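Accompanying notes for the structure given below.
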Amino acid sequence: MLAMNYRGPKRVRIDQKPEPTILHPEDAIVRVTRSCICGSDLHLYNGLVPDTRVGSTFGHEFVGVVEEIGSEVTNVKVGDKVLVPFNIACGKCAFCKQGLFGNCHEANSQATAVGGIFGYSHTAGGYDGGQAEYVRVPYANVGPTVIPEGMDPDDAVLLTDVVPTGYQAAEMGGIQKGDTVVIFGAGPIGIMAAKCSWLFGAGRVIVIDHIEYRLEFARNYAQCEAYNFKSMDDPVLFIKKETDWMGADVCIDAVGAEAAGDVMQTITGRKLILQAGSATALHWAINSVKKGGIVSIVGVYGPTDNLIPIGDVVNKGITIRANQASVKRLLPKMIEHVQNGVLDPKGLITHRVPLEEISDAYHIFSEKLDNCIKPVLIPPSANR
């Protein structure tokens, strides 16, 4: 089968790999019909996440058709069109029982933090992902969800990560009616977080980024304010002025390890990798939120230390909430919002690229070329 092959930082290619096989009675094999490149894939692509191994196949956002099932799979059958949450979760461990599917202990039992994730570094279990024609899906009685009849596959593929992650970013913010919410990052997750903030009753939603076409997209898609931090002397001071010197009620870090805007953070976090990525957006979030406010973090950082102003967190009485989105918990509500027209996931998609051209797709997305917001990969297997 054709599959993406990671060859080192900024080097990916399409290769022939063996098709996956059933390894456990609860496995399923899914023929991929859509997959995406995620902003967190770029952290891997750029070499910012430890233990990202040469030969890996990325891709944690994918939908497809069930081709084969293990002897104990009862939740899906051969021929079902399914969307597969990016979390690999057993559904039975102590964390899954709490609805923390992003922290499943069985899917990544050697880790003390994140659970299993498709197509990510070996810190997340080392599972091959969906930027391929076929994927082995463990715990097929838990994760794979049959796509509702009539749902556009372009909508469905964004329900595997982007929509629930953006929604959970807003949810973790504890947004109250009339709150001012500031989102750092106008990528797909940040834009979706802005859109979802209105669902919780926000009175004002502001997005901060430095790429003009992304800011314009955010304004149009999420009906929010959007500002370029390069036009500001200090983004924190700007937000203070915009909030009568109180600070925002909620700040969301939707950037993570590749944040721009601070030379020291960029050098230590992105160039020298002395910390787990540039924490610029997190600094701004902590310093922009009001005393007693909430900072919600969905931006991905590597699993090592970061230089952050913890003293400000303590002295301001800030609550920090963070996690990988628990897709399975949120899916029923997300599906309902799509079916009712409340959310339009496919509206984020700007590029549809054949899987065979994956190197170009990564380059375009990483370098922010051609006004790219969200690329979707179409494998040859989609037409079988």
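Just so it is clear, the model here is predicted, and its values are computed rather than measured. Residues: numbered from 1 along the sequence shown.
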For [X] and [Y], indicate whether the former's side chain and the latter's backbone hold a donor-acceptor pair under 3.5 Å.
{"X": "D27", "Y": "R136", "answer": "no"}
{"X": "S359", "Y": "V12", "answer": "yes"}
{"X": "N220", "Y": "E216", "answer": "yes"}
{"X": "H24", "Y": "G70", "answer": "no"}
{"X": "T243", "Y": "K240", "answer": "yes"}
{"X": "N75", "Y": "V142", "answer": "no"}
{"X": "T57", "Y": "G129", "answer": "no"}
{"X": "K374", "Y": "I37", "answer": "yes"}
{"X": "E67", "Y": "I29", "answer": "no"}
{"X": "S56", "Y": "Y6", "answer": "no"}

Measure across [X] and [Y] and return the closest heavy-atom pair with its distance rounded to 0.1 Å.
{"X": "R270", "Y": "A259", "result": "NH1-O, 3.6 Å"}
{"X": "A194", "Y": "A222", "result": "CB-CB, 3.8 Å"}
{"X": "G277", "Y": "Q265", "result": "O-OE1, 4.3 Å"}
{"X": "Q275", "Y": "L307", "result": "OE1-N, 2.8 Å"}
{"X": "V162", "Y": "I189", "result": "CA-CD1, 3.6 Å"}
{"X": "I22", "Y": "E68", "result": "CG1-OE2, 3.5 Å"}

In the structure I gave you, are the side-chain heavy atoms of [X] and [Y] within less than 4.5 Å of one another anywhere?
{"X": "P20", "Y": "M1", "result": "yes"}
{"X": "V182", "Y": "S288", "result": "no"}
{"X": "H43", "Y": "Y120", "result": "yes"}
{"X": "V163", "Y": "M192", "result": "yes"}
{"X": "I208", "Y": "M232", "result": "yes"}
{"X": "H60", "Y": "Y127", "result": "no"}

Salt bridge (charged side-chain N to carboxylate O under 4.0 Å, His left out) against [X], all qualifying residues, sequence neighbours excluded:
{"X": "R7", "answer": "none"}
{"X": "R11", "answer": "none"}
{"X": "D179", "answer": "none"}
{"X": "D51", "answer": "R53"}

Problem set entry | Test ring-ring contact (aromatic ring centres under 6.0 Å, His included) applied to F118 and F58, Y139, F62, the passing residue | F62
If I take atom [atom1] from residue [X] and atom [atom2] from residue [Y], how far apart are they, to the nearest 0.5 angstrom?
{"X": "I191", "Y": "I373", "atom1": "CD1", "atom2": "CD1", "value": "4.5 Å"}
{"X": "F365", "Y": "T350", "atom1": "CZ", "atom2": "OG1", "value": "8.0 Å"}
{"X": "L48", "Y": "K271", "atom1": "CG", "atom2": "NZ", "value": "9.5 Å"}
{"X": "N108", "Y": "C104", "atom1": "CG", "atom2": "SG", "value": "8.5 Å"}
{"X": "D155", "Y": "H337", "atom1": "CG", "atom2": "NE2", "value": "14.0 Å"}
{"X": "M151", "Y": "I335", "atom1": "CE", "atom2": "CD1", "value": "5.5 Å"}

For this session: Apply side-chain contact (heavy atoms from CB on, under 4.5 Å) to the pair V63 and I147, showing each step before the final yes or no.
Result: CA-CA 9 Å; V63 298; I147 298 171; 4.2 Å; yes
Exercise. Cut-off 3.5 Å, side chains only: do D41 and Q131 have a donor facing an acceptor?
Worked result: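 Yes, a side-chain donor-acceptor pair sits under 3.5 Å.
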Quick one: side chains of residues 82-97, donor-acceptor pairs under 3.5 Å with protein atoms, not counting sequence neighbours, listed by atom name and distance.
residue, atom, partner, partner atom, Å
N87, OD1, V327, N, 3.0
N87, ND2, A325, O, 3.0

Exercise. Going through the checks in order, is the salt bridge (charged side-chain N to carboxylate O under 4.0 Å, His left out) test met by K333 and E171?
Worked result: CA-CA 13 Å; K333 185 176 291 184; E171 179 186 62; 5.5 Å; no
Considering residues at least two apart in sequence or located in another chain, which fulfil the side chain to side chain contact (heavy atoms under 4.5 Å, CB included) criterion with [X]?
{"X": "I378", "value": "R34, V376, A382"}
{"X": "R321", "value": "M172, I294, T319"}
{"X": "P380", "value": "L2, E133, L355, E356, R384"}

Exercise. With ILVMFWY side chains joined below 4.5 Å, transitively, what does I310's cluster contain besides itself?
Worked result: L282, I286, V289, V295, I297, Y301, I308, V313, I318, I320
Exercise. Quick one: ring pair (Phe, Tyr, Trp, His ring centres under 6.0 Å) pairs with a partner in residues 154-175, sequence neighbours left out?
Worked result: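 Checked against ring pair (Phe, Tyr, Trp, His ring centres under 6.0 Å) - neighbours excluded - the pairs reaching residues 154-175 are Y167-F200.
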For this session: Any ring pair (Phe, Tyr, Trp, His ring centres under 6.0 Å) involving residues 237-259? Give me the pairs, sequence neighbours left out, ordered by first then second residue.
Result: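 Residue pairs with at least one partner in residues 237-259: Y227-F238.
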For this session: Sorted by first residue and then second, give each side-chain hydrogen bond (donor to acceptor under 3.5 Å, both in side chains) pair with at least one member in residues 193-213; sequence neighbours left out.
Result: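 For residues 193-213: K195-Q223, R204-E225, R204-E242, D209-R214, E212-N228.
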Exercise. How far apart are the C-alpha atoms of R352 and D154, what are their side-chain angles, what is the distance that settles it, and do they pass the side-chain contact (heavy atoms from CB on, under 4.5 Å) test?
Worked result: CA-CA 10 Å; R352 291 170 176 81; D154 285 348; 2.8 Å; yes
Problem set entry | Among D253, D262, V255, side-chain contact (heavy atoms from CB on, under 4.5 Å) partner for T280 |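 For T280, the side-chain contact (heavy atoms from CB on, under 4.5 Å) test succeeds with only one of D253, D262, V255, which is D262.
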Exercise. Can you get from V49 to I273 by hopping between Ile, Leu, Val, Met, Phe, Trp and Tyr side chains that sit under 4.5 Å apart?
Worked result: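 In one cluster with V49: I273, no.
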Exercise. What's the verdict on side chain to side chain donor-acceptor pair (under 3.5 Å) for D249 and Q176, showing C-alpha distance, side-chain angles and the deciding distance?
Worked result: CA-CA 9 Å; D249 299 288; Q176 302 297 310; over 6 Å; no
